[in-house]
Amino acid sequence: MAVDSFSEKYSNRDSESFKDKEWVDTLGDRKLLRKVDLHLLPILTGLYLLSFLDRSNVGNAKIVGLATDLKISGPEYNTALALYFVAYVLFEVPANGYIALPRALLFLTFPPSLKRFNPRVWLPTLTLAWGVASVAQGLIKNKAGLFGIRFLLGVTEAGLFPGVIYVFSVYYRRRERSWRVAIFFGGAALAGAFGGILAYAIGKMDGVGGRKGWEWIFIIEGVLTVAVSLAAYFLVPTWSHSAKFLTEPERERLLARLNTDSDAGQKEEFQWFYVRQAFKDPVVWGYALLFHGFAFVLLTVPPNALAAISIGLTVWVSSRTNLRAPFIVGAAVVAIIGYIVLISTHTGE
């Protein structure tokens with residue numbers, strides 16, 4: 001649709017006139033959404049794929065000799081894994097919101113966060129930081145180094161997932177987000193499948209340059225992340241109200257659509273009231289418990305490939321029925337059954 005016709009059709013509409021009415025998408029809206037999808041989904045899904053790849057490759061590294069070379073016992077390996085999630089939980093909220101400061105200290109910019117900068121700067125910077133941390137995993141010489149770098153990896157990756165979900169909220173209405181979040185979240189499943197194949201191939205480099213195969217897994221995958229992060233500075237979009245890839249009429253239309261659903265497209269000031277409100281919401285706690293409850297090189301490929309397919313089918317049915325909770329609870333039940341089977345299965349060793 002030409003900019004002039006788009007402008008003529010929509011620019012004179014006051015978004016408030018749609019506030020209490022059901023919005024009916026037009027052909028122009030669908031074209032607008034496709035344009036937003038093209039600029040958001042590929043790069044943000046790619047970043048999350050790399051995030052999951054860099055956090056989970058420690059399992060593949062263990063299979064090809066990390067634990068043996070560093071003389072790490074089973075409990076110590078589990079401690080290294082746990083330290084990542086400790087850091088992730090501690091830094092997830094600070095990475096995406098302001099910390100209230102006294103007026104005299106407002107000139108300080110610590111801790112850095114999504115809302116202090118903007119997505120185009122913040123998300124690629126996080127990616128660059130964890131890419132460097134991932135490379136550093138390939139340079140460690142003892143278990144203390146592994147503990148420290150796993151904690152640092154958790155710190156640097158913590159802001160990506162909630163940051164991207166927040167970015168989605170300033171471009172898409174709530175009923176439109178499920179598809180996009182599913183595609184984005186599917187990057188984790190693809191990373192599991194792709195990561196197993198990649199690690200298997202990289203593991204064959206054992207002895208190249210005097211390094212072990214598990215060291216090359218961390219180094220090569222980390223370098224890949226660093227390279228993508230540099231490109232991301234030019235690809236990740238900024239806030240919807242100042243998105244350069246949209247024309248002025250398109251931005252007005254996008255914000256008008258958001259205004260019928262929420263006011264997420266506009267600048268929101270941080271208020272502790274909303275933090276307290278979130279902590280009092282039982283749905284938030286329920287989702288948190290489910291999410292963290294879910295939380296073999298080539299053997300990792302089939303389940304993750306199946307997970308990617310399952311995500312696509314589930315979100316399709318969910319969007320058709322406009323239901324969310326039954327699918328979340330159903331997935332949790334399947335996971336619980338899977339863990340029971342896992343616990344009750346004996347290898348005979």
Any [X] side-chain heavy atom under 4.5 Å of [Y] side chain:
X	Y	result
F161	S51	no
V86	V89	no
L50	V228	yes
L139	I219	yes
K141	L146	no
V164	L160	yes
V170	S240	yes
Y233	T125	yes

Is the ring pair [X]/[Y] parallel, tilted or perpendicular, if the boundaries are 30 and 60 degrees?
X	Y	answer
W214	F218	perpendicular
Y171	F245	parallel
Y172	F168	perpendicular

Determine, step by step, whether F151 and Y84 satisfy the ring pair (Phe, Tyr, Trp, His ring centres under 6.0 Å) criterion, reporting the C-alpha distance in whole Å, the side-chain angles of both residues, the deciding distance to 0.1 Å, and the verdict.
CA-CA 5 Å; F151 186 88; Y84 168 89; 9.7 Å; no

Between [X] and [Y], is there a shared hydrophobic cluster once you connect ILVMFWY residues whose side-chain heavy atoms come closer than 4.5 Å?
X	Y	result
L44	I183	yes
I165	Y88	yes
V208	V223	yes
V132	L47	no

Any salt bridge between R257 and E176, counting N to O under 4.0 Å?
yes

Using 4.0 Å as the upper bound for N to carboxylate O, is an ion pair formed by E250 and R253?
no

Can you name the nearest heavy-atom pair linking [X] to [Y], along with the distance?
X	Y	result
T225	G131	CG2-CA, 3.7 Å
V226	S229	O-OG, 2.6 Å
T127	L123	OG1-O, 2.8 Å
L153	A133	CD1-CB, 4.0 Å
R55	R150	O-NH2, 2.9 Å
A129	T156	CB-CG2, 3.7 Å

Please round to the nearest 0.5 Å and tell me the distance separating atom [atom1] of [X] and atom [atom2] of [Y].
X	Y	atom1	atom2	answer
I63	L66	CD1	CG	11.0 Å
W216	R211	CH2	CZ	6.5 Å
L32	T247	CG	OG1	8.5 Å
L83	F85	CG	CZ	11.0 Å

Quick check: does any side chain N or O of R120 sit under 3.5 Å from a backbone N or O of V236, one acting as donor and the other as acceptor?
yes

Using only atom types and a distance under 3.5 Å, with no angle test, would you say the side chain of R251 pairs donor to acceptor with the backbone of L246?
yes

Please lay out, stage by stage, how T79 and E76 fare under the test side-chain hydrogen bond (donor to acceptor under 3.5 Å, both in side chains).
CA-CA 5 Å; T79 298; E76 289 171 336; over 6 Å; no

Got more than 12 heavy atoms from elsewhere within 6.0 Å of NZ, K35?
yes

Within 45° of the axis and under 6.0 Å from the centre of the six-membered ring of Y77, does NZ or CZ of K62 qualify?
yes

Flag the pair W239 / Y166 as yes when their ring centroid distance falls below 6.0 Å, and as no otherwise.
yes

